[in-house]
Amino acid sequence: GSQSRCRIERLNAQEPRRRVESEAGLTEYFDEDNEQFECAGVAAHRRIVQPGGLVLPKFYNAHALTYVVQGKGIFGNVMPGCPESFQSFQRGDPRTSREEGRRGRSERDQHQRVDHFREGDIIAIPAGVAHWVYNDGEQPIVAFTVLDTSNNANQLDSNRREFLLAGRKGRGQHLGVEPREDSDDFNLLSGFDTESLAESMGISRDLAEKLRGRSDDRGEIVRVEGSFHIVRPSRREEGMSEGEEREREYEEEERERERRRLMAN
Amino acid sequence: GLEQAFCSVGVKRNIDDPRRADIYNPNAGRTTTLNSQKLPLLRYLQLNAVRGVLHRNAFVAPHWNMNAHSIMYVTRGNARLQIVNDRGNTAFNGELRQNQLIVVPQNFALLIQSRSENFEWVAIKTNDNAMVSPIVGKTSVFKGLPEEVLRNAYRVSREEARMLKYNRGEEMVVLVPHSSQSRGRA
């Protein structure tokens, strides 16, 4: 079937055909029905995340690679069974416990690894793995993503699928000659009834209703109000100023360039 | 070569024996997984199997199969199943009884609650190392996410975010009914 879709006589430059706007950004999708994408068994999109924007947790039905065209931020891939290795406290340390006690429990957290990224980075996102992104920079993040829907990791049909774990996807606008709108997509939890969700998670009905997010109209990229404190290593915590940090990064890049030049020789 | 590869390879393994359970909670139930690490032939078949037993009103945590479809066949009892697709729509919401089967497509979210004394099933999955991603519990997505992400994603307080992460404590996959959990704590 896929081979017959590859009888292409003429190739065309493609531009995004559908746009979905959110509170703090937008996503533009390339036309998956185009024979070029069908032949290659891939889907592609471009996402723009405004400063302070958070791409809500979601996963794809296929492996994906993202190239960061512009901006910087942090992201996390959440793999089931991996340890919550980023911790803001140490159990059993009496000094830490006392300190925590003074500050109250409000600042404690532990979660899986998070990573920084910046312009020029490639980020790998395995199929079925939940991930999120936060823009902690001063300019919008622009990221280009390709999903390999024909890979064996995707056992569904060749359509791209995004499974939201929170929020809800706004109506898509088709760009071009016949502009039209899609219907809304909701998050996975919204498909469970409130009672079952509350009971299985051991939470109140009110909180379960919030998880379902039926009345959440912020979209899939939301604006973070106030600060966004998560546990992550920072060079500045080691007493390094922002200028020194940039200088260190520049030196590392120089070393990397030199290493590559020597390898080429 | 063929002889070495196939003729002497193990082809069976019991997954009904409770002593072989991989996940066990006396108040909720158990699951036993047979994958290609336990039975290498499954690597060739690209299939694996899960045996599950769930006590009355206990849950299988909301989860999705990351890399496989799951074909669930009920061997005893009945349970309520809810299955959700990528658009957040309920693809199935109903009861599954003995001798009935349902196909749970890859990535679709699934929640099971036993309605009988013992709900028992076997699931054949289309990957020799099928992986499951639970939403709550010890090895869950919620536990791996920073509190700030949960807070902003669901517009909840810090306390509520913490409840989402830790309310199910060390429980994994098979969950005790919440009401009996409260009684236990009391």
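Just so we're on the same page: letters track the sequence lines, and every chain starts at 1.
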Exercise for the section: For each of A:Leu197, A:Asp193, A:Ile203, A:Val78, tally heavy-atom pairs with chain B at distances under 4.5 Å, and name the one with the top tally. Expected result: A:Asp193
Exercise for the section: Below 4.5 Å from any heavy atom of chain A, which atoms of B:Phe142 appear? Answer side chain, backbone, both or neither. Expected result: side chain
Completion exercise
Exactly one of A:Leu156, A:Leu188, A:Asn154 clears side-chain contact (heavy atoms from CB on, under 4.5 Å) with B:Asn107, and that residue is A:Leu156
Name the atoms and distances for all side-chain donor-acceptor pairs under 3.5 Å in residues 96-105 of chain B, with sequence neighbours left out.
unit_1	atom_1	unit_2	atom_2	d
B:Gln98	NE2	B:Thr75	O	3.1
B:Asn99	OD1	B:Tyr73	OH	2.7
B:Gln100	OE1	B:Arg97	N	2.8

Handout entry: chain A contact via B:Asn65 - which portion, at a heavy-atom distance below 4.5 Å
Key = neither
Problem - Interface moiety of A:Pro126 toward chain B, non-hydrogen atoms closer than 4.5 Å - result: neither
Problem - chain B contact via A:Leu54 - which portion, at a heavy-atom distance below 4.5 Å - result: side chain
Problem - Heavy-atom contact with chain A under 4.5 Å, split by part of B:Val136 - result: side chain
Exercise for the section: Indicate yes or no: at least one non-hydrogen side-chain atom of B:Trp64 is less than 4.5 angstrom from one of A:Leu165. Expected result: yes
Completion exercise
Counting heavy-atom pairs under 4.5 angstrom with chain A, the leader among B:Arg151, B:Glu148, B:Met66 is B:Glu148
Problem - Considering all heavy atoms, the nearest A:Arg218-B:Ala153 contact - result: NH2-O, 2.9 Å
Problem - Heavy-atom closest pair, residues B:Pro146 and A:Val114 - result: CG-CG1, 4.4 Å
Exercise for the section: Check whether any side-chain heavy atom of A:Pro80 sits under 4.5 Å from a side-chain heavy atom of B:Pro134, and report yes or no. Expected result: yes
Problem - Which portion of A:Val222 sits near chain B, non-hydrogen atoms under 4.5 angstrom - result: side chain
Exercise for the section: Quick one: closest heavy-atom pair of A:Gln155 and B:Asn67, and the distance? Expected result: NE2-O, 3.3 Å
Practice task
For chain A, find which of B:Leu150, B:Thr90, B:Asn93 contributes the most heavy-atom pairs closer than 4.5 angstrom.
Solution key: B:Thr90
Exercise for the section: Answer yes or no: are there more than 12 heavy-atom neighbours, outside B:Met72 itself, under 6.0 Å from its atom CE? Expected result: yes
Problem - Pair listing, salt bridge (Lys or Arg N to Asp or Glu O under 4.0 Å) test, anchored in residues 206-215 of chain A, at least two apart - result: A:Glu209-A:Arg212, A:Lys210-B:Glu160
Completion exercise
Of the listed B:Leu175, B:Val156, B:Leu164, the one with the largest count of heavy-atom pairs under 4.5 Å with chain A is B:Leu164
Problem - Which portion of A:Arg168 sits near chain B, non-hydrogen atoms under 4.5 angstrom - result: neither
Problem - Separation of B:Gln82 CD from A:Ser200 OG (nearest 0.5 Å) - result: 8.5 Å
Exercise for the section: Tabulate, in ascending numerical order, the residues of residues 111-121 of chain B having at least one heavy atom closer than 4.5 Å to a heavy atom of chain A, or enter 'none'. Expected result: B:Leu111, B:Gln113
Exercise for the section: With a 4.5 angstrom heavy-atom cut-off, could you sort out which part of A:Leu189 is near chain B: side chain, backbone, both or neither? Expected result: side chain
Exercise for the section: Using non-hydrogen atoms and a 4.5 Å limit, figure out which bit of A:Leu56 sits close to chain B: side chain, backbone, both or neither. Expected result: side chain
Handout entry: Pair B:Arg162-A:Asp109, salt bridge (Lys or Arg N to Asp or Glu O under 4.0 Å): steps then yes or no
Key = CA-CA 9 Å; B:Arg162 198 161 286 153; A:Asp109 193 14; over 6 Å; no
Exercise for the section: Tell me, out of B:Leu145, B:Asn57, B:Ile83, B:Asn85, who's got the most heavy-atom pairs with chain A below 4.5 Å. Expected result: B:Leu145
Fill in the blank from the handout: Here the gap from A:Asn187 atom CG to B:Asp86 atom CG, rounded to the nearest 0.5 Å, amounts to 12.5 Å
Exercise for the section: Taking A:Trp132 for its side chain and B:Val149 for its backbone only, find out whether a donor-acceptor pair lies under 3.5 Å. Expected result: no
Exercise for the section: Sort A:Phe59 into side chain, backbone, both or neither according to what part of it lies under 4.5 angstrom from a heavy atom of chain B. Expected result: side chain
Practice task
Let me know if A:Asn152 has heavy atoms under 4.5 Å from chain B in its side chain, its backbone, both or neither.
Solution key: neither
Practice task
Answer yes or no: is there a donor N or O on one side and an acceptor on the other, between the side chain of B:Lys165 and the main chain of A:Gln110, under 3.5 Å?
Solution key: yes
Handout entry: Side chain, backbone, both or neither of A:Ser85 within contact of chain B (heavy atoms, under 4.5 Å)
Key = neither
Problem - Among the listed options B:His69, B:Lys138, B:Arg155, the residue most often paired with chain A at heavy-atom distances under 4.5 Å - result: B:Arg155
Problem - Spacing of B:Thr139 atom OG1 and A:Glu84 atom CD [to the nearest 0.5 Å] - result: 9.0 Å
Problem - Which portion of B:Ile135 sits near chain A, non-hydrogen atoms under 4.5 angstrom - result: side chain
Exercise for the section: Report yes if some heavy atom in the side chain of B:Phe59 is under 4.5 Å from a heavy atom in the side chain of A:Glu199; otherwise report no. Expected result: yes
Practice task
Any chance you could measure A:Phe228, atom CZ, to B:Asn152, atom CG, to the nearest 0.5 Å?
Solution key: 6.0 Å
Handout entry: Which of B:Leu110, B:Asn127, B:Val60 touches chain A most, by non-hydrogen pairs under 4.5 Å
Key = B:Leu110
Completion exercise
To the nearest 0.5 Å, atom NZ of B:Lys143 lies from atom SG of A:Cys82 at 13.5 Å
Problem - 4.5 Å side-chain heavy-atom contact, A:Met201 and B:Asn167 - result: no
Exercise for the section: Mind jotting down which residue pairs meet the salt bridge (Lys or Arg N to Asp or Glu O under 4.0 Å) criterion with at least one end in residues 32-42 of chain B? Sequence neighbours excluded, please. Expected result: B:Asp22-B:Lys38
Exercise for the section: Decide if atom CZ of B:Arg56 counts as having more than 12 heavy atoms of other residues, nucleotides or ligands within a radius under 6.0 Å. Expected result: yes
Problem - A:Asn61 and B:Gln106 side chains, donor-acceptor separation under 3.5 Å - result: no
Fill in the blank from the handout: Tightest non-hydrogen contact, residues A:Ser196 and B:Arg80, listed as OG-NH1, 3.4 Å
